[in-house]
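Residue numbers begin at 1 in each chain, while the letters A, B, ... track the order of the sequences.
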Amino acid sequence: MPRAHLLEGATVARLDRRGKRLAIVAEDGRALVVQLGMSGSLYMATGRRGPHLHAEWSVDGRDDRLWFEDPRRFGGLTAYGSAQAMLDAWDRELGPDGLQVDGARLSKGLRGIRSVKAALLDQRVVAGVGNIYADESLHLAGISPRTRCRRITGGRAESLAKAIRTVLARAIGFGGSTIRDYRSAQDRKGSAQVIHAVYGRGGLPCLECGAPLRSAALAGRTTVWCARCQGR
DNA sequence: GGCAGCCTGGTT
DNA sequence: AACCAGGCTGCC
């Protein structure tokens, strides 16, 4: 990516975010979107912390630098000539942010998708929910990941939307889930993994009812749920 | 829709 | 050596 697209010489006007995408918007209108993927990290530090460095920025008046590392290279940077172009892309490619999704918006997104687990992983339905928080949200809402989307209407859609908002907000409150790689921009590990009710707990007892949690591949991802609390 | 494939690295 | 992983695209 040319240096100009990396915002060289820019003055940062603001940051923006929807779901898992973060945008650095410059005063001249350029915008750079960062997607971390599974192993990416973006942080301020005086030196890199790993070998898989893809971009670095120096900031006037600061000794530390901004670093983008991504060992697995599932993440990426996308440059936009204007913030409006970026927002248009977000509107096309992303649903409502998970922290703000409501039942009506969720119901709309569910149309045409078969299983609710697949729907929650689709960023056009809700932006910001991945495999961990999909399973956690479904457990909190008491909905089986195998439920057909067409059966989730009205009150169930409301409670699922509320569960998504709650799960994401709680995880953020705990600094995110550090299974292995995740670190904050301040290079700290999160601790939300200690409050996961189902993710990573296949075969262990459900914290609500004690039944052993089921684990199976759904929508191509390991999925864990309680067949008693959430139904088969 | 489902799913292989993209990568590296950690675990079994 | 084989398998698994927090995501996403594109191919069927």
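Following rounding to the nearest Å, A/Asp135 (CG) and C/dA5 (P) show an atom-to-atom distance of 12 Å. Residue A/Arg72 contributes atom CZ, which lies 10 Å from atom P of C/dG7 at whole-angstrom precision. Put simply, NZ on A/Lys117 is 9 Å from P on C/dG7, counting in whole angstrom units. We find that CG of A/Leu53 is positioned 16 Å from C1' of B/dT8, with the value rounded to whole Å. Counting to the nearest Å, the C1' atom of B/dG2 and the CZ atom of A/Arg146 are 16 Å from each other. Between the P atom of C/dC8 and the CG atom of A/Leu77 lies a distance of 15 Å, rounded to the nearest Å. Residue A/Leu120 contributes atom CG, which lies 12 Å from atom P of C/dG7 at whole-angstrom precision. For the pair A/Asp122 CG and C/dT9 C1', the interatomic distance rounds to 12 Å; values are reported in whole Å.
For A/Arg114, the side-chain atoms get nearest to B/dG2 when compared with the rest of C/dC8, B/dG2, B/dC6. Each of C/dC8, B/dC6, B/dG2 was ranked by its minimum atom distance to the side chain of A/Gln35; first place goes to C/dC8. Of the candidate nucleotides C/dG7, C/dC8, C/dA5, C/dG7 has the atom nearest to the side chain of A/Asn131. Side-chain atoms of A/Met38 lie closest to C/dA5 of the nucleotides C/dC8, C/dA5, B/dC6.
Checking the phosphate oxygens (OP1, OP2) of C/dG7, no side-chain nitrogen or oxygen of A/Gln123 falls inside 4.0 Å. A sub-4.0 Å separation between OP1 or OP2 of B/dC7 and a side-chain N or O of A/His52 is absent. In this model, the phosphate group of B/dC7 is not approached by any side-chain N or O of A/Ser39 to a distance below 4.0 Å at OP1 or OP2.
For the P atoms, the distance linking B/dC7 with C/dC11 amounts to 15 Å, nearest Å.
Each of A/Ser115 and A/Arg180 was assigned the nucleotide of DNA chain B with the nearest heavy atom; the assignment lying further toward the 5' end belongs to A/Ser115.
Nucleic acid contact for A/Ile113: sugar-phosphate only, since backbone atoms but no base atoms lie under 4.0 Å from a heavy atom of the residue. Residue A/Asp181 is in base contact, counting any heavy-atom pair closer than 4.0 Å across all strands shown. Among the atoms of the strands shown, none is found under 4.0 Å from any heavy atom of A/Tyr133. Among the protein residues, A/Gly220 comes within range of no part of the nucleic acid, since none of its heavy atoms lies under 4.0 Å from any strand. Within 4.0 Å of A/Ile179, counting heavy atoms only, lies at least one base atom of the nucleic acid.
More than 12 heavy atoms of other shown residues, nucleotides or ligands fall within 6.0 angstrom of atom CG in A/Asp91.
Pairing of B/dC7, defined by two Watson-Crick or G-U wobble distances under 3.5 Å, is not identified with any nucleotide.
Residue side chain A/Arg73 does not reach the base of B/dC7 through any donor-acceptor N/O pair under 3.5 Å, judged by distance alone.
Between A/Lys162 and A/Asp102 no salt bridge is recorded (no basic side-chain N to carboxylate O distance below 4.0 Å).
Once the 5.5 Å centre distance and the 30° plane angle are applied, the aromatic ring of A/Phe74 is found stacked with the base of B/dC6.
Between the side chains of A/Ser39 and A/Asp70, at least one donor-acceptor pair of N or O atoms lies under 3.5 Å. For A/Tyr199 and A/Ser177, the side-chain atoms include no donor-acceptor pair closer than 3.5 Å.
Judged by the 6.0 Å distance and 45° axis criteria, A/Arg49 is positioned over the aromatic ring of A/Tyr43.
Ring orientation note: the planes of A/His54 and A/Phe68 are tilted relative to one another, at an angle of 30° to 60°.
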